Asker: 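My questions all concern the structure below.
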Amino acid sequence: MAKIGIFVGTVYGNALAVAEEALQILTQQGHQVEIFEDATLEQWQEYLQDVILVVTSTTGNGDLPDGIEPLYTDLNDKLGYQPDLRYGMIVLGDSSYDTFCGGGRAFDELLQEQGAKRIGDMLLIDAIDVTEPEIFAQDWIEGWGTLL
Ligand SMILES: Cc1cc2nc3c(=O)[nH]c(=O)nc-3n(C[C@H](O)[C@H](O)[C@H](O)COP(=O)(O)O)c2cc1C
C-alpha cells in the first residue's frame, strides 16, 4: 500500500474527473489517496518520500492551468532535488495544438531534472480522440497502481 497524493490542474474539469476516477481505483487497490487542487508546495512536500500522481490539462499555448502553475513555479524555484519521490503523470491536451500536452510535458521534464522517479509511461489523453477521459484512463490507472 502506498500513500499517494493526486495533484490536479484543470480548466474545465476533465482532469479533475480523471483524478476522481484515479482516487476510486487506487483506493480500491488499498492505497491511501488524497486529491489536491490549487496545491501548495507544503502539500507537495508531504509526499517527497511517497508517491504523487500529477493529472493536468494544457491551456493557453502549452501552458499549465492556473490552479497548478504556481506549484510548478515553486518546485522550480524553491525545491531543487527530490530523489525519493516516485510519480506518475497523466496529461490531457488536444493534438490540434502545436503544443500538444505541453504543460504536462514541461512538468514531467522538471521532475526528471530534479531526480524524481517516474513509474510507468506518461498517459497522454487527446481530446480529439477521447470524449470520456476518465473512462479512457481506467486501464492505465489500474496498471499504474499495481506498479507501486
Ligand atoms: C483555450 C484553450 C487552450 C488550449 N491549449 C492547449 C494547448 O496548448 N495544448 C494542448 O495540448 N491542449 C490545449 N487545450 C486542450 C485542453 O488541454 C483539453 O481540451 C483538455 O481536455 C481540457 O481539460 P480540462 O477540462 O481539465 O482543462 C486547450 C484548450 C482550450 C479551451
Side-chain angles (χ1 to χ4, degrees), residues 2-29 31-48 50-79 82 85-114 116-148:
K3 177 183 161 193
I4 305 169
I6 303 179
F7 287 74
V8 183
T10 188
V11 179
Y12 302 106
N14 290 290
L16 181 60
V18 173
E20 286 169 346
E21 188 72 29
L23 175 86
Q24 207 174 328
I25 291 170
L26 296 169
T27 302
Q28 275 170 5
Q29 290 180 336
H31 300 298
Q32 181 196 327
V33 192
E34 193 171 345
I35 291 180
F36 297 91
E37 292 181 82
D38 303 310
T40 63
L41 182 62
E42 290 68 31
Q43 288 169 324
W44 181 278
Q45 285 174 309
E46 286 174 25
Y47 289 86
L48 290 181
D50 296 290
V51 180
I52 282 176
L53 178 60
V54 177
V55 185
T56 186
S57 66
T58 303
T59 190
N61 190 12
D63 302 320
L64 289 163
D66 288 347
I68 199 167
E69 198 280 333
L71 174 65
Y72 172 88
T73 301
D74 276 355
L75 287 170
N76 196 26
D77 294 350
K78 299 179 184 164
L79 199 54
Q82 35 185 342
L85 176 67
R86 295 185 297 149
Y87 73 97
M89 184 72 63
I90 299 178
V91 187
L92 290 81
D94 181 324
S95 61
S96 66
Y97 289 84
D98 291 343
T99 50
F100 177 51
C101 287
R105 290 181 203 266
F107 211 119
D108 181 66
E109 276 171 27
L110 176 63
L111 296 181
Q112 291 285 310
E113 281 168 23
Q114 294 182 332
K117 292 176 187 60
R118 193 179 67 227
I119 308 295
D121 292 331
M122 266 196 285
L123 177 64
L124 305 181
I125 305 180
D126 187 350
I128 281 196
D129 299 326
V130 178
T131 51
E132 293 180 299
E134 68 278 20
I135 307 294
F136 179 82
Q138 282 173 341
D139 288 350
W140 184 96
I141 296 164
E142 277 175 22
W144 186 78
T146 61
L147 297 174
L148 302 175

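As the structure is a computational prediction, the values presented were derived from the model and not from experiment. Note that ligands are numbered from 1 as they come in the structure, with each ligand's atoms numbered from 1 the same way.
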Asker: Atoms of ligand 1 less than 4.0 Å from Gly62 heavy atoms?
Answerer: 7 (C), 8 (O)
Asker: Quick one: look up the protein heavy atom nearest atom 11 (O) of ligand 1 and list residue, atom name and how far away it is.
Answerer: Cys101 N, 2.7 Å
Asker: Just going by heavy-atom distances, which of Thr10, Thr58, Asp126 is nearest to atom 24 (P) of ligand 1?
Answerer: Thr10
Asker: Distance under 4.0 Å to a non-hydrogen atom of Val11: what atoms of ligand 1 satisfy this?
Answerer: 24 (P), 26 (O), 27 (O)
Asker: I'd like to know whether ligand 1 has Pro65 as a neighbour, heavy-atom separation below 4.0 Å.
Answerer: no
Asker: Against heavy atoms of Asn61, which atoms of ligand 1 measure under 4.0 Å?
Answerer: 8 (O)
Asker: Within a distance under 4.0 Å of any heavy atom of Phe100, pick out the atoms of ligand 1 and give their elements.
Answerer: 11 (O)
Asker: Do Asp63 and ligand 1 have an N or O pair less than 3.5 Å apart?
Answerer: no
Asker: On a heavy-atom basis, I'd like to know which of Leu92, Asp94, Thr56 is closest to atom 12 (N) of ligand 1.
Answerer: Asp94
Asker: Identify the protein heavy atom lying closest to atom 9 (N) of ligand 1, giving its residue, its atom name and the separation to 0.1 Å.
Answerer: Thr99 O, 3.0 Å
Asker: Quiz question: by atom type and distance under 3.5 Å, do the side chains of Gln112 and Tyr87 form a donor-acceptor pair?
Answerer: yes
Asker: Which heavy atom of Leu64 sits nearest to which heavy atom of Thr59, and what is that distance?
Answerer: O-CG2, 3.7 Å
Asker: Closest heavy-atom contact between Glu21 and Gln138?
Answerer: OE2-NE2, 2.9 Å
Asker: Go through the side-chain N and O atoms of Thr73 and Glu69 and say whether any donor and acceptor fall under 3.5 Å apart.
Answerer: yes
Asker: How close does the nearest protein non-hydrogen atom get to atom 2 (C) of ligand 1, and which residue and atom is it?
Answerer: Tyr97 OH, 3.4 Å
Asker: Using the six-membered ring wherever Trp is involved, compare the ring planes of Phe7 and Phe36 and label them parallel, tilted or perpendicular (cut-offs 30° and 60°).
Answerer: parallel
Asker: Considering only non-hydrogen protein atoms, determine which one is nearest to atom 22 (C) of ligand 1 and report residue, atom name and distance to 0.1 Å.
Answerer: Ser57 CB, 3.7 Å
Asker: More than 12 heavy atoms of other residues, nucleotides or ligands under 6.0 Å from CG of Asp98: is that the case?
Answerer: no
Asker: Among all the protein's non-hydrogen atoms, which is closest to atom 5 (N) of ligand 1, and how far away is it?
Answerer: Gly60 O, 3.0 Å
Asker: Compute the shortest N/O to N/O distance between Ala127 and ligand 1 and return yes if it is under 3.5 Å, no if not.
Answerer: no
Asker: Is the number of heavy atoms from other residues, nucleotides or ligands under 6.0 Å of Asn76 CG greater than 12?
Answerer: yes
Asker: Side chains of Leu148 and Ile119, heavy atoms from C-beta outward: is any pair under 4.5 Å?
Answerer: yes
Asker: Once you round to the nearest 0.5 Å, how far does CD of Glu37 lie from CG of Leu16?
Answerer: 4.5 Å
